[in-house]
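The structure displayed is predicted, hence computed values, not measured ones. Below, each value reflects all heavy atoms present in this structure, side chains not excepted, and no hydrogens, waters or symmetry copies.
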Amino acid sequence: ASTQKMNYPYTIDQPDNWDIGSAENTMVALSALKAYENGNVDESMKYFGDSVRLEFDKMDTTLSHDSLTAMFTRERKNIKSMNVRMDDWESVVSKDKKDEWVTLWYREKWVTSNGKIDSADIINDLKMKNGKIIRLDEYNRMLH
């Protein structure tokens, strides 16, 4: 890793602020996704905090654990089967140790309950606190 100070063409408050984070946070993020993929929403929800900030396309809200469980349960009931092909992940922690994130890059394929097949490339940014997911930002590109 270079210690040379860079003169970036853009400025931000804290450039180069991240170190490699914990494998435990990565395990939490992957386990939550795997349980959801397998249709086990209750198992997936064990990895989420008491309230979770969600930032999806056309959604920006904070939900209680119970409301998030209900939302994920409704969504997963509309999916007959799902397959995740993981491409990569990274766990990071801010240099001051105040912020921890895990990012997942993957392709998701699914069949809806009415038989429609679809897929998307997805990036999840998951903010972690005390071993739980407290924020989920999702970015996707639908594949047709």
Side-chain angles (χ1 to χ4, degrees), residues 1-2 6 8-144:
S2 174
M6 300 301 296
Y8 295 118
Y10 298 94
T11 60
I12 58 175
D13 291 338
Q14 297 178 324
D16 304 319
N17 185 45
W18 302 97
D19 292 324
I20 297 300
S22 75
E24 291 80 7
N25 282 343
T26 301
M27 181 62 89
V28 167
L30 293 172
S31 297
L33 178 61
K34 187 64 172 176
Y36 188 84
E37 175 189 5
N38 290 338
N40 191 342
V41 174
D42 289 337
E43 176 67 23
S44 180
M45 295 310 302
K46 291 179 183 178
Y47 301 101
F48 287 84
D50 292 337
S51 68
V52 178
R53 179 87 189 153
L54 297 178
E55 294 187 13
F56 295 173
D57 188 29
K58 301 178 184 169
M59 179 185 284
D60 188 348
T61 190
T62 300
L63 296 177
S64 70
H65 191 273
D66 290 345
S67 294
L68 183 63
T69 301
M71 184 183 103
F72 282 178
T73 299
R74 276 190 313 274
E75 288 181 4
R76 191 60 179 87
K77 281 184 180 180
N78 292 324
I79 299 171
K80 182 178 178 181
S81 65
M82 177 185 289
N83 177 265
V84 170
R85 187 200 74 212
M86 190 60 57
D87 292 320
D88 204 356
W89 60 72
E90 184 171 36
S91 176
V92 295
V93 59
S94 59
K95 290 187 186 293
D96 65 7
K97 308 298 184 215
K98 291 182 180 177
D99 292 309
E100 297 182 76
W101 291 82
V102 174
T103 300
L104 308 177
W105 293 269
Y106 59 96
R107 178 162 289 174
E108 184 177 293
K109 295 180 181 180
W110 64 93
V111 179
T112 65
S113 55
N114 64 3
K116 181 182 175 195
I117 300 170
D118 217 334
S119 59
D121 284 333
I122 299 176
I123 298 170
N124 288 151
D125 286 328
L126 303 108
K127 187 172 187 178
M128 311 297 294
K129 186 171 184 179
N130 299 322
K132 298 284 187 177
I133 300 164
I134 62 164
R135 179 171 162 181
L136 170 56
D137 299 351
E138 183 170 288
Y139 312 93
N140 67 63
R141 180 177 68 94
M142 296 299 296
L143 304 171
H144 301 284

- Determine, for Arg85 against Asp87, whether the closest basic-nitrogen to carboxylate-oxygen distance falls under 4.0 angstrom. yes
- Note on the structure: Rounded to the nearest 0.5 Å, the CG atom of Asn124 sits from the CH2 atom of Trp105 at a distance of 11.0 Å
- Message: Could you check whether atom NZ of Lys109 has more than 12 heavy atoms from other residues, nucleotides or ligands sitting under 6.0 Å from it?
- Response: no
- Indicate yes or no for a side-chain donor-acceptor contact from Glu37 to the backbone of Val84 under 3.5 Å, with no hydrogens or angles considered. yes
- Message: Looking at His65, is its backbone amide N or carbonyl O close enough to the side chain of Thr69 to form a donor-acceptor pair, meaning the two atoms are under 3.5 Å apart?
- Response: yes
- Item | Crowding at CD1, Ile117 (>12 non-hydrogen neighbours, <6.0 Å) | no
- Task: Please name the pair of heavy atoms, one in Asp118 and one in Leu143, separated by the smallest distance, quoted to 0.1 Å.
- Result: OD1-O, 3.3 Å
- Message: Can you tell me how far apart CG (Asp88) and OG1 (Thr103) are? Round to the nearest 0.5 Å.
- Response: 10.0 Å
- Flag side-chain contact, heavy atom, 4.5 Å: Glu90 against Ile20: yes
- Query: What distance separates Met128 CE from Thr26 OG1, expressed to the nearest 0.5 Å?
  - Reply: 8.5 Å
- Item | Over all atoms of both residues, closest heavy-atom pair of Pro15 and Tyr8 | CB-CE1, 4.3 Å
- Taking only residues at least two apart or on different chains, which pairs with a member in residues 19-56 satisfy ring pair (Phe, Tyr, Trp, His ring centres under 6.0 Å)? Tyr36-Phe72, Phe48-Phe72
- Query: What is the minimum heavy-atom distance between Ala29 and Val102, and which atoms define it?
  - Reply: CB-CG1, 3.7 Å
- Query: So, the side chain of Lys132 versus the backbone of Lys46: is there a donor-acceptor pair under 3.5 Å, distance only?
  - Reply: yes
- If you draw a 6.0 Å radius around CE in Met82, do more than 12 non-hydrogen atoms from other residues or ligands fall strictly inside? yes
- Spacing of CG belonging to Asn38 relative to OG belonging to Ser81, to within rounding of 0.5 Å: 11.5 Å
- Message: How about CH2 on Trp89, more than 12 heavy atoms from neighbouring residues, nucleotides or ligands closer than 6.0 Å, or not?
- Response: no
- Message: Is there a side chain to side chain contact (heavy atoms under 4.5 Å, CB included) between Val93 and Lys97? Walk through the geometry before answering.
- Response: CA-CA 6 Å; Val93 59; Lys97 308 298 184 215; 3.9 Å; yes
- Message: Checking the side chain of Ser91 only, and the main-chain atoms of Ser22 only, is there a donor and an acceptor separated by less than 3.5 Å?
- Response: yes
- Note on the structure: Rounded to the nearest 0.5 Å, the CD1 atom of Ile79 sits from the CD atom of Glu108 at a distance of 6.5 Å
- Looking only at heavy atoms, what is the nearest atom pair of Ala35 and Ser44, with distance? CB-N, 3.4 Å
- Where do Ile133 and Ala32 come nearest, in terms of heavy atoms and distance? CD1-CB, 3.9 Å
- Note on the structure: Shortest non-hydrogen pair, Glu138 vs Tyr106, comes out as OE1-OH, 4.2 Å
- Note on the structure: So CG of Leu126 and CG of Asn25: to nearest 0.5 Å the spacing works out to 9.5 Å
- Message: According to salt bridge (charged side-chain N to carboxylate O under 4.0 Å, His left out), does anything in residues 49-58 pair up with another residue at least two apart or in another chain? List the pairs.
- Response: Arg53-Glu55, Arg53-Asp60, Glu55-Arg135
- Among pairs that include at least one residue of residues 72-81, which meet salt bridge (charged side-chain N to carboxylate O under 4.0 Å, His left out), considering only residues two or more places apart or in two chains? none
- Task: Give a yes or no on whether the backbone of Ser64 and the side-chain of Ser51 come within a donor-acceptor separation of less than 3.5 Å.
- Result: no
